[in-house]
Amino acid sequence: MTEATNSPRGQEAGSSPVPSASNGAAPFVEMRGISKRFGGVRALTDVNFTILAGEIHCLAGENGCGKSTLIKILSGVHVPNEGEIILEGKSYSHLSPAASQRFGVQIIYQDLSLFPNLSVAENIAFRHQVETPFRLTRQQAMRKQAEAVMERLKISLPLDELVGSLPIATRQLVAICRALSAQARLVVMDEPTASLTHQEVDALLATIHGLKSHGIATVFVSHRLDEVMTIAERVTVLRDGSNVGTYRVRDIDRRRLGELITGQVFESSLKAPFLTEATPALEVRGLTRQGQYAGVDLVVRPGEVLGITGRLGSGRTELALSLFGMNPPDAGEIRVNDKVVRLRNNREAIRHGIAYVSEDRLSLGLVMPQSIADNTVVSVLDRLTGALGLIDAVRRNQTIDHWIFQELRVKTSTADRPVQQLSGGNQQRVVLAKWLATEPRVLILDSPTVGVDIGAKAGIYQVIDALAARGLAIILISDEVEEVLHESHRILVMLSGRIAATYDPHRVNEQELLEAIHA
Amino acid sequence: MQSKTISSPVGARRATFTEWIGRDPTVTMLCAFILAAALVFGALTPTRFFSGETFRAMAFEMPELGILALAMMVPLMSGGLNLAIIATSNLSGLVTAAIVTSLIHPSSSPMAVAGVIALALLAGMATSLLIGFITGYIVAFLGVHPILVTLGTMTAVKGISVYVTNGGVIGGFPAAILWMGNGTLLGVPVSMILFIFCAVVIALIMTHTPFGVAVRLIGSNEKATRYSGVATNWMLVGVYVLSSLLCWMASIIMMARFNSARAGYAESYLLITILAAVLGGVDPNGGFGRVLGLFLSLILLQEISTGFNLLGFSPHLTEAIWGATMLFAIFIALLRNQWSLRLWRSKTAQ
Amino acid sequence: MRKQVRLVFRHDGQLALIIAAMAIIFSIVSPAFRSTGNLVSLLENYSVMAIMAAGLLVVLISGGIDISFAAIAAVTQYVVALILINAGGNWLVAFALAAAFGGLLGVVNALLIYYLRALSVIVTISTMTCYFALLMFVTEGKSLFNLPDWFTDDLTFWSIPFPVLVAAIVLIITAFILSRLSIGRQVYGLGGNPEAAKRMGSNVLGLQCFVYGYSGLMAGIAGLVQAHRVEEVVPNALIGRELDVLAAVVLGGASLTGGIGSVSGTILGIVLLAILQNGLTLLGVSSYAFGFVTGVVILLSVSATAYTAKRQARSSARHAV
């Protein structure tokens, strides 16, 4: 097993990939020289991927690097054009979905693929319903099976609850139980931690170590570096459909991994201190909403980037929505340019110059099937209206030309294309264009780089810097500590709905911030 | 963004008119269907199909279904549906008819007649506006699925019509009203003029007003549209009010053509309007649709109906063919999508 | 399954309470309401609707909708009646023919939906138009009156009228399939998360054939029972029923987005409509007012359901932290 050392890209990147079987475990599956083309597009070129029995392995790379294609070849959905898959000592040119499952390969997709309207027990044992459509369902057998799996994982789930009423983290455990109930020997998880809180990630981790103790291997597909570093034992990096290499996680650091994934070296520096004492663009005093956040004070001045960080559920998004008029606070006051304002809906917030980029770009940020043009002007429709209530076509096109093509330089030949055809980074630019068209004073960015490749992130940071330089007051909300540290002038940490501390990025390091968040 | 130099601004290229028509595959397909049907009917009944008489007949029959189809199209584009269109038309027709027949006597002066007709039409409009507002309010502010709401309003509104009339007919209108359904202006049926007027206004609204843009965006994703600062709830109320307003227009033509109003007129049109709209390229999932497509699909349906009539078949066969045309159109669209997908793949392959 | 049961009970329980309240009021105000004869004829009047509702319920749970079942019932009714008139037969033959023919037309729906990858509502509106229009075209709207005597004679079993018995059996079978048979659970799965059902290896085409075929089969039986009740076959007698049945099933708590619904709820939905109309008649309210009252009840019911769901969502969002 020397695929990693042979990898030319690994050498070019200047690191020393390790022989993968160093710990002596036997490989569960070896994929050798896998190539896959769609039409004439090369999705994978001569990729090697070896998973040892019982190991925790991470498959990392940017969107479109071929991660999911590789997984789909492993699960039998795709047939590779070249290469072999070695399982139990036998070589196969490809697998069928049934064969893949027979060998014990189970995939847990990002959406978990559970049935919200069925009970936990039924979800875990659904496979039996499929096998015998005209047989009576046996409640007892189903429960027994579910209990046996829970026993193995040393967890307990409410078997009679509907899955739809459970929190995401519990649903994930249900999905893992379902995979195990099929005698899994390898569980592949696609972006498993995307919507989990820190504690939940820890719990998941414990469960995965439980899998390991039963000799079940786990493969993570992820592009979150933190996660890869904390969970995985080994990591295989793909770039543009080719191997970069396979590494032991303890041999590399986060920065190095980022470079391996993007093939670029990033220099991140802190922002120069922000010294101006201009009138605050936005000032908040004692803002409270029962059950969500309490007593929040904050100030952000024109040209300043205020970072807010906190875990999922710390109240950060709820606070942002209140500032955007979509989640009315119970108490406290909001001042824009030193005037107290009451925001009853987001139209009033927009009128006062507040804009909000949602963390959920897919379902809240953009109307995906509709055109770039309509997505850009939707926020300023009333300002473009001319005689007879008709939209002034000239001003509409000027707005689109200006923001989409000149300012944000979205890569597209025409603004009539559906937004969903753009890449993640370009989609985020359309969101920014939409909000900049409203000529805001305050721009609230809620996790603006979620789901954006590391390479494209840099572009978005540039835009943020440029906007701040123009005098916009920016609130940057993110749970990626590194992002907040390097992009803000000042950092607030939110903890259970309260502002727990304020930091100067020059006087705090990543580790201290992380500890503050998870205190 | 001073840091960004505008190296080569990629100007948005705007499509020319022919491209605008030609790039819409639904329009192309419908034109082809219309042409093909014309050739077939023309070959079978050459002298009668291509005659002024036939075109006049078509122009008289189309507006009724046409305006109702527009009333269905607007909610469809917002991602909803209005099952109450026929019931709304009938009730506002009945209100108008009741006022006209009870206040106009043979002895009334022309001025009085005109006044009463205006009053009656306004009362009909008010009725439909009220129904539209209630429907829209429940859909938007209570968040009930439009199928359920309009199923309820349909049943209730029709119930009112039946209760008030005991299932009977109100008829006998002054000439001015009959003229709107049966008269012509410069040789063109007045009802056709009304329909084209409605179609143009709706086309303008859906493409060139903030409301229209918002409705299309709501049809694709209501939440994202709300997050962009659109008052989506009120837009949805507007959708059902506009739909009901079109029902009122349809009610006038129906009244004039039947010379009466009744609770149960035109009920078979309800599901046909959905068929016509979807055949015309309106996405039943919401978000997309063009009045031009709907117009062409109505021409096609009317052509089939008139052609079969000339050939001496029963109107029922026409309806069967309408249903089959719909399925065939879905089939063509499926083939087209697969084909363009393959084309797209081979293009991106380079 | 406790939680699920609880959820179902909540909706069913509310409906049952409303029904009980109405029944009590009507029986106090109008003694005729509580007479056995009235209740039996009430059940008989709604048996055809109940049979169709059983089929539609299964389709709704699978996440689809069927608009064509009334047309299928009409076509099947006519075809089976013609065969019985011309070739003779007995009840067994009649049921077999109706089930087979109705099921077949339903499977046609399923195949069209699957292979054309189109919305079920659009496809079934199209097939409804085709089926019904062809029926009217071929029969020229002529009714059949000369049905065999064995077919039209009133039948009762243990003083239960035949249509009520058929409806009861059909509902029990449907409930059994949905809650106890693997394929029923798969139908729930398909409605709850179609993508997941596919990934778990459910045969989606097979399930859809079953679901729409079942709806067609039920429509066929409903058509047969209806012909038996009215002792004639009128081609357009059943047309327009599709939305009534849909209203009843939805009143019974079935969701239009799939995955949710129960036979018990559907029965309660029908009983609610039945008692309402019957009670109003006995109270001397003009039968012309039924439509209005029914519509208002539908509006109130769906609004109340949506309103509670909205409030729950809001309060759970508040306590998320």
Side-chain angles (χ1 to χ4, degrees), chain A residues 37-42 324 326 345-347 349-351 355-356 358 360 362-370 372-375 377-382 384-385 388-391 393 397 400-401 404-416 434-435 438 462-463 465-467 469-470, chain B residues 1-15 19-20 23-24 77 79 201 203-235 283 285-288 341-350:
Chain A
R37 287 184 298 274
F38 293 106
V41 196
R42 298 189 78 86
F324 190 50
M326 295 190 77
N345 52 49
N346 60 0
R347 293 185 297 290
I350 293 168
R351 215 170 297 135
Y356 170 69
S358 163
D360 189 350
L362 288 179
S363 59
L364 301 180
L366 291 168
V367 183
M368 284 293 169
Q370 298 282 348
I372 299 169
D374 282 341
N375 271 288
V377 297
V378 59
S379 57
V380 288
L381 284 173
D382 47 344
L384 297 176
T385 307
L388 293 168
L390 298 182
I391 295 173
N397 294 334
I400 293 163
D401 271 346
I404 292 291
F405 293 106
Q406 295 178 11
E407 293 279 11
L408 287 157
R409 296 201 294 170
V410 175
K411 282 196 191 113
T412 176
S413 54
T414 157
D416 296 331
K434 166 172 83 178
W435 288 116
T438 68
Q462 271 176 21
V463 174
D465 292 345
L467 291 174
R470 278 190 181 190
Chain B
M1 247 153 290
Q2 290 88 339
S3 61
K4 294 164 155 277
T5 48
I6 307 150
S7 50
S8 60
V10 207
R13 209 174 60 85
R14 251 160 284 291
E19 273 180 338
W20 177 68
R23 260 200 295 178
D24 187 336
M77 286 182 67
V201 169
L204 214 58
I205 289 179
M206 295 315 282
T207 51
H208 285 87
T209 65
F211 170 78
V213 174
V215 168
R216 281 189 290 116
L217 294 177
I218 289 171
S220 290
N221 184 340
E222 190 265 339
K223 247 181 152 179
T225 313
R226 181 150 44 86
Y227 269 71
S228 304
V230 174
T232 53
N233 283 344
W234 289 109
M235 295 291 167
D283 187 340
N285 291 310
F288 298 92
L341 194 71
R342 216 167 292 157
L343 200 72
W344 179 74
R345 272 199 184 144
S346 63
K347 251 189 199 164
T348 49
Q350 288 149 16

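Naming convention: chains lettered A, B, ... in sequence-line order (proteins, then strands); numbering from 1 in each chain. Note that this is a predicted model, so its numbers are computed, not measured.
Residues A:T385 and B:P210 come closest through the heavy atom pair OG1-CG, 3.1 Å. For the residue pair A:V378 and B:V230, the shortest heavy atom distance occurs at CG2-CG2, 3.5 Å. In terms of heavy-atom proximity, A:R347 sits nearest to B:G229 at CG-O, 3.1 Å. The two residues A:Y356 and B:Y227 make their nearest non-hydrogen contact at CE2-CE2, 4.0 Å. Across every non-hydrogen atom of B:S220 and A:V367, the tightest pair is CB-CG1, 3.3 Å. Closest of all the heavy-atom pairs between B:G287 and A:Q370 is O-NE2, 2.8 Å.
With hydrogens and angles ignored, the 3.5 Å screen pairs a side-chain donor or acceptor of A:N346 with a backbone N or O of B:R226.
Chain B forms the most heavy-atom pairs under 4.5 Å with one residue out of A:S379, A:S363, A:A349, A:G365, and that residue is A:S363. In terms of heavy-atom pairs under 4.5 angstrom with chain B, the leader among A:A355, A:S358, A:P369 is A:P369. For the options B:A224, B:G212, B:A214, heavy-atom pairs under 4.5 Å to chain A are most numerous at B:A224. Interface remark: of the candidates A:N375, A:D374, A:I372, A:I350, A:D374 forms the most heavy-atom pairs closer than 4.5 Å to chain B.
Taking OG1 of B:T209 as the reference point, atom CG of A:L381 lies at 9.0 Å (rounded to 0.5 Å).
Interface residue A:L362: only backbone heavy atoms are found under 4.5 Å from chain B.
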